[in-house]
Amino acid sequence: MISKNLNDELNKQITYEFYSSHLYLAMAAKFASIDFTGASTWMKTQAEEERIHAIKIMDFIIEAGGEAKITGFEDPEVKGEDLKSIFEQALEHERFVTERINFLMSLAGDEKNYAAVNFLNWFVNEQVEEEATAEAIIKSLKLIGNDGNGLYQIDKELGARIAVGGAEPQK
């Protein structure tokens with residue numbers, strides 16, 4: 001059985017995951033509007049992953065005997081105007097999500113809810129990957145600077161990201 005406190009905090013995380021999905025969709029739209037279709041595809045895939053994370057948490061709450069609640073959230077705001085600044089915003093957001101996952105892990109541990117600890121461990125590992133990926137993209141963008149050929153190449157590489165479930169990337 002899941003405590004009311006942990007149930008409530010996991011429900012908040014569902015909201016954050018859906019917000020993340022919408023933020024990444026907003027970033028995808030921004031990238032498309034500035035003609036970075038590969039980066040747009042990358043962010044659409046990222047958005048789908050975040051939606052899946054929200055559903056994964058929802059399913060866990062239900063399986064643990066809790067009550068999942070789906071709530072609204074603020075409109076996402078894309079703060080950057082170029083590839084690097086938008087990916088920096090994405091990294092900042094992933095760091096916030098990591099803080100939330102760490103908080104949930106601590107809460108589950110304090111409550112001795114080892115099923116939740118085990119469940120959340122997947123998210124801990126996922127956040128390491130999410131931050132490392134964003135950092136690697138930002139490092140590449142810093143090396144490239146404003147070189148048109150380099151930006152073209154990285155956009156092409158970002159567009160080759162395999163979609164969730166192994167489907168071919170969108171064009």
Side-chain angles (χ1 to χ4, degrees), residues 10-61 68-104 120 122-171:
L10 285 168
N11 275 324
K12 285 181 191 174
Q13 191 62 34
I14 291 172
T15 301
Y16 291 131
E17 298 292 338
F18 278 127
Y19 173 82
S20 297
S21 180
H22 277 66
L23 176 62
Y24 294 141
L25 283 175
M27 289 176 175
K30 179 66 174 185
F31 283 144
S33 74
I34 58 175
D35 297 322
F36 285 111
T37 57
S40 179
T41 295
W42 194 96
M43 281 295 178
K44 287 175 191 173
T45 301
Q46 189 66 22
E48 181 61 14
E49 281 190 10
E50 301 303 337
R51 188 188 70 78
I52 290 169
H53 294 170
I55 293 169
K56 189 175 206 157
I57 295 168
M58 179 188 75
D59 289 345
F60 174 79
I61 291 169
K69 293 184 180 177
I70 307 303
T71 60
F73 45 82
E74 294 180 23
D75 292 343
E77 179 185 355
V78 179
K79 297 175 184 170
E81 293 296 323
D82 59 19
L83 279 176
K84 186 170 105 15
S85 62
I86 294 171
F87 271 101
E88 286 171 341
Q89 181 185 358
L91 175 58
E92 179 183 323
H93 181 73
E94 286 300 334
R95 288 179 174 154
F96 166 76
V97 173
T98 297
E99 288 177 17
R100 280 289 307 167
I101 297 300
N102 290 340
F103 167 76
L104 291 169
L120 290 167
W122 183 89
F123 285 92
V124 170
N125 293 328
E126 177 71 5
Q127 284 310 118
V128 170
E129 179 186 325
E130 298 283 7
E131 286 189 33
T133 299
E135 287 171 348
I137 293 168
I138 291 165
K139 284 179 186 175
S140 293
L141 289 168
K142 284 179 180 177
L143 285 172
I144 291 166
N146 290 323
D147 175 66
N149 289 330
L151 290 171
Y152 171 80
Q153 186 60 38
I154 198 165
D155 187 55
K156 186 176 174 182
E157 289 174 17
L158 291 169
R161 181 179 185 186
I162 302 297
V164 177
E168 288 298 311
Q170 297 177 347
K171 301 290 181 196

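Index from 1, following the sequence.
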Test side-chain hydrogen bond (donor to acceptor under 3.5 Å, both in side chains) applied to Ser40 - qualifying residues, sequence neighbours left out: none
Please set out all donor-acceptor pairs under 3.5 angstrom arising from side-chain atoms of residues 133-141, sequence neighbours excluded.
from   : atom 1 : to     : atom 2 : distance (Å)
Thr133 : OG1    : Glu129 : O      : 2.9
Glu135 : OE2    : Arg95  : NH2    : 2.9
Ser140 : OG     : Ala136 : O      : 3.3

At what distance, to the nearest 0.5 angstrom, does OG1 of Thr41 lie from CZ of Phe31? 11.5 Å
Trace of the side chain to side chain contact (heavy atoms under 4.5 Å, CB included) decision for Ile70 with Phe18: CA-CA 9 Å; Ile70 307 303; Phe18 278 127; 4.0 Å; yes
Establish, from distance only, whether the side-chain atoms of Gln13 and Glu17 form a donor-acceptor pair under 3.5 Å. yes
Sequence neighbours left out, what passes side-chain hydrogen bond (donor to acceptor under 3.5 Å, both in side chains) with Asp82? Give chain and number order. Ser85
What are the two closest heavy atoms between Leu91 and Glu131, and how far apart are they? CD1-O, 3.8 Å
For the residue pair Tyr24 and Ala90, what are the closest heavy atoms and their distance? OH-O, 3.6 Å
Euclidean distance, Asn11 CG relative to Ile14 CD1, rounded to 0.5 Å: 4.5 Å
Derivation of the salt bridge (Lys or Arg N to Asp or Glu O under 4.0 Å) call for Arg161 and Glu49: CA-CA 12 Å; Arg161 181 179 185 186; Glu49 281 190 10; 3.1 Å; yes
Taking all atoms of both residues into account, what is the closest heavy-atom pair of Gln89 and Lys79, and its distance? OE1-N, 2.7 Å
Determine the minimum heavy-atom distance between Ile61 and Ala68, stating which atoms define it. CG2-N, 3.7 Å
Using 4.0 Å as the upper bound for N to carboxylate O, is an ion pair formed by Lys84 and Glu88? yes
Neighbour count above 12 (heavy atom, 6.0 Å) for Phe73 CZ: yes
Flag the pair Phe87 / Trp42 as yes when their ring centroid distance falls below 6.0 Å, and as no otherwise. yes
Let me confirm one number: the CZ-OG distance from Arg51 to Ser20, rounded to the nearest 0.5 Å. 13.5 Å
For Lys12, check salt bridge (Lys or Arg N to Asp or Glu O under 4.0 Å) against everything at least two apart and list the hits. Glu9
Hey, are the side chains of Phe96 and Arg100 touching, using non-hydrogen atoms and a 4.5 Å cut-off? yes
I need the minimum non-hydrogen distance between Ala26 and Pro76, along with the two atoms involved. CB-CG, 4.2 Å
Side-chain heavy-atom pair Leu104, Phe123 within 4.5 angstrom cut-off: no
Taking the side chain as C-beta and beyond, is there a heavy-atom pair between Lys30 and Met43 under 4.5 Å? no
Is the Tyr19 ring parallel, tilted or perpendicular to the His93 ring (thresholds 30°, 60°)? tilted
Taking all heavy atoms of Ile162 and all of Thr45, pick out the closest pair and write down the distance. O-CG2, 3.8 Å
Could you list the residues that satisfy salt bridge (Lys or Arg N to Asp or Glu O under 4.0 Å) with Glu77, not counting sequence neighbours? none
I would like to know whether Leu120 and Leu10 meet side chain to side chain contact (heavy atoms under 4.5 Å, CB included); could you show each step before the answer? CA-CA 10 Å; Leu120 290 167; Leu10 285 168; 4.2 Å; yes
Can you name the residues that form a salt bridge (Lys or Arg N to Asp or Glu O under 4.0 Å) with Glu50, not counting sequence neighbours? none
